[in-house]
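Report on the structure given below.
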Amino acid sequence: MSAPTHTLGAAGFVHVMRVQNEDPKMQGRALMMGAHHAASGAAAWLALTTSFEVGLGHLGQVVPALPETVTIGMGMMDLTPASVIAGALVTAGAALVPDADHRHATIAHSLPPLSNILCIQVGKFSGGHRHGTHSLLGLAVFVAIAALAGMWTMELPGHGIIYPGAGLLAVLLASFAAKALKFIPDTMRKFPWVVGIGVGIFATLFAPQHAYWFPLAMGLGVIIHILGDMLTTGGCNLIWPLRIKPPRFLRKVPLVKNIWRPNGNIAIPLLGNAGSVREWLLLIPISAYVLWSIAATVFS
């Protein structure tokens, strides 16, 4: 996996601006960039499933109060390196799933024509962009779908349990991540299928040997996406299809109007708009952590 913060390019920002221009409600309230969603999803999976001891070296001598080593990651699942990577790829793709509600989203063109049709239908059922898929109800639906897919298991002699259902969905999720991270040029329309099917087979064969791994990866990715968008100026409506708008007298209060948006969305706009310096300052170390963690997992 390459550092997503260096591969996004101008196309990702053009997509963000297109979303704003086509939906008046989104004007001036940019979304977090897709590549950053994917990197954050992978980082969340790695933080949950891996654990490494990092020595502080001379820093511990300069500040005696510091310990000699620091543990990074929770290591809550005992996984093989292949399973860690498979889960990271799936979670990176799952972190883009909420944006499947927009027919012009980058991921809508990730696995044509399947992804185009899917995004159109998801947008219709979820009430349009940044509505149902960015809510607690949407989260529950995505996790339920992943749980159903994860129930399809097979025993492969000499290998163990494999997850064909998760592998099929991983084809789509992998193409989402590859498209957002600009691994696949727009001119190579058939190549996304090659990448998606390859990752799907990899996820099927080397998935974690835990029955709950796929709904966990899906839920983790979707949660990371929603939290990322809530850190931008647009926010999200977590209680969709309900919508509670702030009273008019509160809409002019500086702090309140930035958090409780006039359309009812809730935002904690620490990152400002998409592509802001604050977003890059946050996502560059996250992307570096993903690369370092995967390398440490493979070579440990």
Keeping [X] on the side-chain end and [Y] on the backbone end, is there a donor-acceptor pair under 3.5 Å?
X      : Y      : value
Tyr163 : His210 : yes
Trp193 : Pro112 : yes
Arg243 : Asn263 : yes
Ser40  : His36  : yes
Trp45  : Val84  : yes
Arg278 : Leu270 : yes
Ser276 : Asn273 : yes

**Asked** Looking at Asp229 and Arg130, does any basic side-chain N land under 4.0 Å from a carboxylate oxygen?
**Response** yes
**Request:** Decide whether His134 and His129 meet the rule of one side-chain donor and one side-chain acceptor closer than 3.5 Å.
**Result:** no
**Request:** For Ala94 and Ala217, work out which heavy atoms get closest and say how close.
**Result:** CB-O, 3.8 Å
**Heavy-atom closest pair, residues Gly235 and Asn265** = O-ND2, 3.5 Å
**Asked** Does the side chain of Val97 come within less than 4.5 Å of Thr133's, by heavy atoms?
**Response** no
**Message:** Counting neighbours of CG on Leu148 that are heavy atoms of other residues, nucleotides or ligands and sit closer than 6.0 Å, is the number greater than 12?
**Reply:** yes
